[in-house]
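Right, one structure below, let's go through it.
The first residue of the sequence shown is numbered 1, and numbering continues consecutively from there.
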Amino acid sequence: MYKLLLCWRYLRTRYLALACIISVMLGVATLIVVNSVMSGFSTKLKDRLHGFLSDVVVEAKSTEGMPSANQWIAKVQSDPFLAQKIAALAPTLETFALLQFDVNGEPFTKYVRVVGVDAKARAKLGGFAENLTRQKDSPNPSFDLTPDAKHRLEVLQRPRLQLRDPPLEFGDKPPPAPPPDIEVESTGIILGHAIAHYRRRDAHADEAEKDICVVPPGTPVTLYMVSGMAGGGQPRPVPATFVVTDYFKSEMSDYDSSYVFVPLDELQNLRTMQNKATSIEIKLHNYDDAKAVTERLKTLFPEDFFLVSTWEQKQGALLSAIDIEKGILNVLLFLIICVAGFGILAIFAMIVVEKTRDIGILKALGASNGGVMKIFLGYGLLLGVVGAGFGTAVGLLITSNINGIEKKLTKWTGHEIFDRSVYYFNEIPIDIQMMSVLLVNVGAVCIAVFFSVLPALRAAMLHPVRALRYE
């Protein structure tokens with residue numbers, strides 16, 4: 001009991017120990033905040049990548065795609081094992097192209113990736129309809145134009161009439177009547193959100209409308225791509241005009257600024273790749289079956305011509321880089337707690353010198369070497385527990401209110417702390433993992449105890465007579 005009483009007394013009276021508690025508290029709070037924010041970004045990034053790529057992807061190694069894509073799909077659906085595991089699948093045709101449109105009368109050209117999809121089939125895979133702006137969460141999205149888009153297209157295509165005709169001379173024929181309204185029969189295209197919008201530089205974090213649309217629905221755009229080599233012919237440039245009908249906003253700048261979606265059959269016809277696809281995307285009932293499904297698909301699709309992989313395997317380099325970065329950052333931030341540990345070592349060493357006579361009295365009264373050692377180890381444990389406890393409370397409080405704090409800092413500094421033009425996230429994503437919080441607390445307490453071992457050993461090894469004579 002005397003050990004606990006002495007530890008508590010030292011904690012209350014030794015105000016220098018407050019520095020150690022604050023150091024441990026700041027280190028634990030920083031680790032919790034950083035881990036929660038990085039886990040939030042990592043989780044959201046994985047969700048976006050998973051939704052965009054589906055569970056399993058079968059890709060053709062040739063740029064000419066897989067011939068008779070419908071037959072390959074029927075082969076997969078007829079397999080008894082795969083039929084039980086697969087929830088939905090859809091063919092996809094991808095290619096690169098130049099996208100051109102007018103912005104305030106000036107031509108604008110951008111290099112994009114064109115994805116030909118069957119909108120309804122792709123929506124069943126997930127990650128498509130959820131990211132559309134106008135048709136968000138629609139079970140049956142399409143490339144059809146809205147009445148407003150058709151009206152805008154009519155206005156843009158209507159020839160300009162002279163507002164003031166010259167006076168007619170005797171015998172001249174009257175000018176022809178203006179043409180009737182144009183019947184709009186155009187194919188729709190879904191643009192990446194960042195292609196058709198740009199973010200205002202002076203926009204603040206709490207503003208609802210930060211993006212300005214420069215390519216509204218109903219605007220005609222032109223894609224310049226290369227045709228396929230059907231029948232051994234040479235590839236040739238193929239221009240095609242589409243009309244903007246919707247926007248794809250995944251909140252990932254790489255995708256939102258470079259991907260456009262068009263109807264699959266239209267892209268197949270333009271590239272002379274009828275009934276061909278570059279990949280087949282597959283959604284599973286249970287992602288835990290991904291390994292077994294990929295192994296089975298590899299037996300159906302020859303390895304020389306096809307590549308079968310899960311979404312994690314396709315994005316393996318990116319996911320590994322995120323995990324490595326998170327691990328390195330945790331190690332660096334953990335050094336903050338180690339600094340607090342050196343503070344504990346210095347303070348305990350000073351206490352041992354100051355309390356040498358008191359230690360001698362304790363030993364003369366019957367305290368054992370182990371008992372004296374436990375006093376200092378218990379003191380270190382108490383410092384670690386108190387510092388980690390306060391640090392956990394502060395860290396969780398900051399993490400829960402981090403978006404409000406970011407808005408306050410943005411308002412005070414006049415500079416947006418979290419640049420939403422990178423990810424187009426509306427707020428900073430967080431993911432508090434209690435296991436991570438527990439490990440941080442355990443690590444902080446262990447460091448506090450570890451750095452108190454050397455002073456505790458020194459105090460335990462003091463001879464009672466020499467300690468009593470010490471001045």
Apply ring-ring contact (aromatic ring centres under 6.0 Å, His included) to the pair Phe261 and Phe128, showing each step before the final yes or no.
CA-CA 10 Å; Phe261 297 86; Phe128 181 70; 5.3 Å; yes

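Within the structure, side chain to side chain donor-acceptor pair (under 3.5 Å) pairs that include any residue of residues 125-137 comprise Arg48-Asn131, Arg134-Thr245, Gln135-Asp246 (at least two apart or interchain). Every pair passing salt bridge (charged side-chain N to carboxylate O under 4.0 Å, His left out) that includes a residue from residues 302-318 is listed here, sequence neighbours excluded: Glu59-Lys314.
Applying the side-chain hydrogen bond (donor to acceptor under 3.5 Å, both in side chains) test to Gln433 and every residue at least two apart in sequence or in another chain returns Asp431. Checked against ring pair (Phe, Tyr, Trp, His ring centres under 6.0 Å), Phe390 has no partners two or more places apart in sequence or in another chain. Looking at residues two or more places apart in sequence or on another chain, you find a side-chain contact (heavy atoms from CB on, under 4.5 Å) between Val385 and Leu381, Val445. Contacts of Leu454 classified as side-chain contact (heavy atoms from CB on, under 4.5 Å), with partners at least two apart in sequence or in another chain: Leu345. Residues passing the ring pair (Phe, Tyr, Trp, His ring centres under 6.0 Å) test with Phe342, sequence neighbours excluded: Phe451. With sequence neighbours left out, Asp288 forms a side-chain contact (heavy atoms from CB on, under 4.5 Å) with Asn286. Under the rule for a side-chain hydrogen bond (donor to acceptor under 3.5 Å, both in side chains), Asp289 has no partner lying at least two apart in sequence or in another chain. When the ring pair (Phe, Tyr, Trp, His ring centres under 6.0 Å) test is applied to Phe450, no partner is found at least two apart in sequence or on another chain. Among residues two or more places apart in sequence or in another chain, the ring pair (Phe, Tyr, Trp, His ring centres under 6.0 Å) test is passed with Phe108 by Phe101. With sequence neighbours excluded, the residues that form a salt bridge (Lys or Arg N to Asp or Glu O under 4.0 Å) with Glu94 are Arg113.
One distance of note links CZ of Phe96 with CG of Leu223; it measures 13.5 Å at 0.5 Å rounding. One distance of note links CD1 of Ile447 with OG of Ser452; it measures 12.0 Å at 0.5 Å rounding. In this structure, CD in Glu406 is found 13.0 Å from CG in Asn401, a value given to the nearest 0.5 Å.
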